[in-house]
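Inspection log for the structure reproduced underneath, given as structure tokens.
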2 protein chains.
Amino acid sequence: MSAQIAHVEQQLQAAGKRLTSQRVHLLHILQERGGHLDADEIYRLMKPRFPRLSLSTVYRTLGLLKELELVRELHLDREHHRYEIERGEEHQHLVCLECGRVIEFKCAHCVPMHQDLADRYGFQITGSRVELLGYCAECQARVEQQRR
Amino acid sequence: MSAQIAHVEQQLQAAGKRLTSQRVHLLHILQERGGHLDADEIYRLMKPRFPRLSLSTVYRTLGLLKELELVRELHLDREHHRYEIERGEEHQHLVCLECGRVIEFKCAHCVPMHQDLADRYGFQITGSRVELLGYCAECQARVEQQRR
DNA sequence: TTATATGCAAACAATTTGCATCCTG
DNA sequence: CAGGATGCAAATTGTTTGCATATAA
């Protein structure tokens, strides 16, 4: 069992929650896949192991993990939310509008930005959503070729 | 009639669309309110003038204006989308998690960030969503006091 | 006049909830 | 064994669509 999962187990118990096999498995999936999954994808990935699994369990588990700040909810597209394990370190997302690929990056400019805002507006910043939209190198090339 | 509205009128006609009183009124509301309205708020603001207005007209109009890039759709919270007039100039949003207030700001750090990403990943960036979440000065003070 | 917009009601999709049953602690 | 967790089905919410009627061009 990874350190991540051990940590989650600990947090769940600290919150008086139970460690069910569904919860553990969901975490594993999120961890293996590296995140950016939506509820239905998670559901389908879990289904083989839990044939009677219901979507509401997925939503309830995600909701719980979100509250415990073990999972982060992303709003990368308008249709549904996507989820990833909260790794503690702030990072941003780059989304390709053509193929949907998501690249994570860390932005050196964001820390001074937070400080700026604290100074200018007295805002205490607790979180951020930085999502940049555009076209990845591959899709640019493909579109270019089709246009030829 | 403001220059904004004149511009919209022109764009609509260029796209072969009609200039209905509902569309004009919706634009006026968005302009007067300065944006950040959701579909239902717009609906309620328009209702007095158009008692038989339906929500679907609001959604269809917003969809149309969004396609023409006259209106921008924001995803500030998970419940619904909010809309504002597209002013051409990129800006970011600061959202208070307590009172819901939205502050717009312009971030000097964002332009170099786009350039960075183009360099690092070959990404062509066409848009961005930068939303910072936290607590405004007033709400911090209030919470502080309650805790006392 | 004629195609585009609107209003209304019904359809949808993502997410949430009530309740009986199940299972972890 | 007791209370939290699950599965199922039904309810909610935000948004979209089909169709008959109204209206801008």
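Since the structure is predicted, the reported quantities are computational estimates derived from the model, not experimental observations. Every chain is numbered from 1 and lettered A, B, ... according to where its sequence line falls, protein lines coming before strand lines.
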Can you check whether Val58(A) reaches Leu62(A) side chain to side chain, under 4.5 Å on heavy atoms? yes
Can you tell if the side chain of Asp40(A) reaches within under 4.5 Å of the side chain of His80(A), non-hydrogen atoms only? no
Given the rule that I, L, V, M, F, W and Y join up when any side-chain heavy atoms are under 4.5 Å apart, are Leu133(A) and Val111(B) in one cluster? no
Between Glu86(B) and Lys66(B) (salt bridge meaning N to carboxylate O under 4.0 Å), is one present in this structure? no
Any N or O donor-acceptor pair linking the side chain of Arg60(A) to the base of dG4(D) at under 3.5 Å? no
Not counting sequence neighbours, which residues clear side-chain hydrogen bond (donor to acceptor under 3.5 Å, both in side chains) with Arg82(A)? List them please. Glu41(A), Asp77(A)
Expressed as a whole number of angstroms, how long is the span from Asp40(B):CG to dT13(D):P? 11 Å
In degrees rounded to 10°, what angle is found between the helical axes fit to the five outermost pairs at each end of the helix from dT1(C)-dA25(D) to dG25(C)-dC1(D)? 40°
Check Glu90(A) against Gly127(A) and note the closest heavy-atom contact, atom names and distance. OE2-C, 4.5 Å
Hey, is the side chain of His81(B) poking within less than 4.0 Å of OP1 or OP2 on dG14(D), counting only N and O atoms? no
Keeping the roles fixed (side chain from Arg60(A), backbone from Leu55(A)), state whether a donor-acceptor pair exists under 3.5 Å. no
May I ask you to check whether over 12 heavy atoms, not counting those of Arg120(A), lie within 6.0 Å of atom CZ? yes
Hey, does the side chain of Tyr59(B) come within less than 4.0 Å of dT15(D)'s phosphate (OP1/OP2), counting only N and O? yes
Quick one: name the residues clustered hydrophobically with Ile103(B), using the 4.5 Å side-chain heavy-atom rule over I, L, V, M, F, W, Y, and just say none if it's on its own. Leu94(A), Ile103(A), Phe105(A), Met113(A), Leu117(A), Tyr121(A), Phe123(A), Ile125(A), Val130(A), Leu132(A), Leu94(B), Phe105(B), Met113(B), Leu117(B), Tyr121(B), Phe123(B), Ile125(B), Val130(B), Leu132(B)
Nearest-Å distance, CZ (Arg82(B)) to P (dT15(D))? 10 Å
Mapping Ser56(B) and His80(B) to their closest nucleotides on DNA chain D, which lands nearer the 5' end? His80(B)
Expected output is a numbered-order residue list: members of residues 42-55 of chain B with a heavy atom under 4.0 Å from any atom of DNA chain C. What is it? Arg52(B), Leu53(B), Ser54(B)
Under a criterion of less than 4.0 angstrom to any heavy atom of chain A, what are the 5'-terminal and 3'-terminal contacting nucleotides of DNA chain C? dA14(C) to dG25(C)
Side chain proximity check, Tyr135(B) to Cys99(B), heavy atoms < 4.5 angstrom: no
Protein within reach of the bases, or only the backbone? For nucleotides 20-25 of chain D, mark each nucleotide 5' to 3' as B, S or -, using heavy atoms under 4.0 Å. ---BBS
Keeping the roles fixed (side chain from Glu104(B), backbone from His93(B)), state whether a donor-acceptor pair exists under 3.5 Å. no
Distance check, rounded to the nearest 0.5 Å: Met46(B) atom CE versus Leu53(B) atom CG? 5.0 Å
Test item: Leu45(A) and Arg33(A) side chains (from C-beta on) under 4.5 Å apart, heavy atoms: yes
